[in-house]
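One structure is given here, and the rest of the page talks about it.
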Amino acid sequence: MTATRTAPYDIRPASPVLGAEVIGVDLAGGVDDATAEALREAFWKHKVLVFRNQDLSPDAHVQAVRIFDEPFDHPKWLYRHEDNRLVYVFNLEKAGGASTWHVGGTWRNPPFHIESLTYQVVPEIGGHTLWADLQAAYDGLSEPFKQLLESVSAVYSADPGDGTYNRPPVTETVEHPVVRTHRHTGRKGLFLSSSALRLTGVSPAEGEALLPFLLAHASSPNYTVGFGWKPGDFVIWDNQATWHYAVNDYDGPRVYRKVIGG
């Protein structure tokens, strides 16, 4: 993004494992090349970056994501912002399907790299989002177990969905290795979502035992961080190094916009 000015800023880790808040960056005003590069380095390190009080317009939201990767146009999404088709709009009373541990884009190979949200309306109490570090979860496994997982994949529906809860029966599937090497850092991590249908590379009985263990291990509180929200907040996260969970503990509207990238 072309800079209009450079200002001092601070990156404050939110936990020893992942997540940080970026203080002093005005994404709507643009950042220079040096700041953009520093933000990318912080992103690959912390995996989840939160920018408070940004109040980004749809176009500014897309440009903010472009600092980190090229925005991605979902092939079937129905609910788009009228000012920019790359911005997907949500107006929820409850967290719905997001209140499970998941990664986005498992229908695609490769899954998209980045997800981001800007918040317009949030509950007065509750509505936090949790992330877990899938690379830290991988590091927490024994070496023999890591070796086993090198030949294991998870199977998912290949239907991209359209933003509604209308999901047809699964007729086409896609597989993703449960261990992924990060494209930027080279660090290995688990890659899985609660929507996994089954595992391959092991017997069906072994897969039925292994998948619940992996899902539980990767969501351990030891690997997680949580953030609460105010209107105007912007968050961006690495969809191939983390998975996330929208806590379904609130009543009343929750309005936000999403842009995905990569």
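The structure displayed is predicted, hence computed values, not measured ones.
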- Per side chain to side chain contact (heavy atoms under 4.5 Å, CB included), L192 is matched among L215, V179, L199 by L215
- ring-ring contact (aromatic ring centres under 6.0 Å, His included) assessment of W237 paired with W131: CA-CA 9 Å; W237 66 92; W131 281 267; 5.2 Å; yes
- Derivation of the side chain to side chain contact (heavy atoms under 4.5 Å, CB included) call for V22 and V50: CA-CA 6 Å; V22 182; V50 174; over 6 Å; no
- Task: Mind running side chain to side chain contact (heavy atoms under 4.5 Å, CB included) on Y119 and R254 for me, showing each step along the way?
- Result: CA-CA 8 Å; Y119 292 91; R254 193 170 189 247; 3.7 Å; yes
For [X] and [Y], test the side chains for any donor-to-acceptor distance below 3.5 angstrom and give the result as yes or no.
| X | Y | result |
| --- | --- | --- |
| T173 | E175 | no |
| D69 | H113 | yes |
| H128 | D249 | no |
| H244 | T129 | no |

- Task: For W44 and H184, run ring-ring contact (aromatic ring centres under 6.0 Å, His included): C-alpha distance rounded to whole Å, both residues' side-chain angles, the deciding distance at 0.1 Å, then the answer.
- Result: CA-CA 7 Å; W44 307 134; H184 285 288; 4.0 Å; yes
May I ask you to decide if the ring planes of [X] and [Y] are parallel, tilted or perpendicular, using 30° and 60° as cut-offs?
| X | Y | value |
| --- | --- | --- |
| F68 | F43 | tilted |
| F72 | H74 | perpendicular |
| Y256 | F90 | parallel |

- Item | side-chain hydrogen bond (donor to acceptor under 3.5 Å, both in side chains), paired with S116, selected from R257, K258, H61 | H61
- Message: Check this for me: L197, atom CG, are more than 12 non-hydrogen atoms of other residues, nucleotides or ligands nearer than 6.0 Å?
- Response: yes
- Query: Are V155 and V174 side-chain neighbours, meaning at least one heavy-atom pair lies under 4.5 Å?
  - Reply: no
- Side-chain contact test, heavy atoms from C-beta onward, threshold under 4.5 Å: evaluate it for L27 versus V25 and give yes or no. yes
- Message: Does the structure place the NZ or CZ of R52 under 6.0 Å from the centre of the six-membered ring of F227, at an angle of no more than 45° from the ring's axis?
- Response: no
- Query: Can a cation-pi geometry be assigned to R180 and F191, taking NZ or CZ under 6.0 Å from the six-membered ring centre and within 45° of the ring axis?
  - Reply: yes
- For residues 144-153, which residue pairs qualify under salt bridge (Lys or Arg N to Asp or Glu O under 4.0 Å), counting only residues two or more places apart or in two chains? E143-K146, E150-K188
- Task: In sequence, state the C-alpha distance, the side-chain angles, and the governing distance for V247 and L130, and then conclude on side chain to side chain contact (heavy atoms under 4.5 Å, CB included).
- Result: CA-CA 7 Å; V247 180; L130 308 178; 3.9 Å; yes
- Going through the checks in order, is the side chain to side chain donor-acceptor pair (under 3.5 Å) test met by W101 and Y245? CA-CA 5 Å; W101 283 103; Y245 186 112; over 6 Å; no
- side chain to side chain contact (heavy atoms under 4.5 Å, CB included) assessment of L141 paired with L149: CA-CA 10 Å; L141 298 171; L149 294 181; 3.6 Å; yes
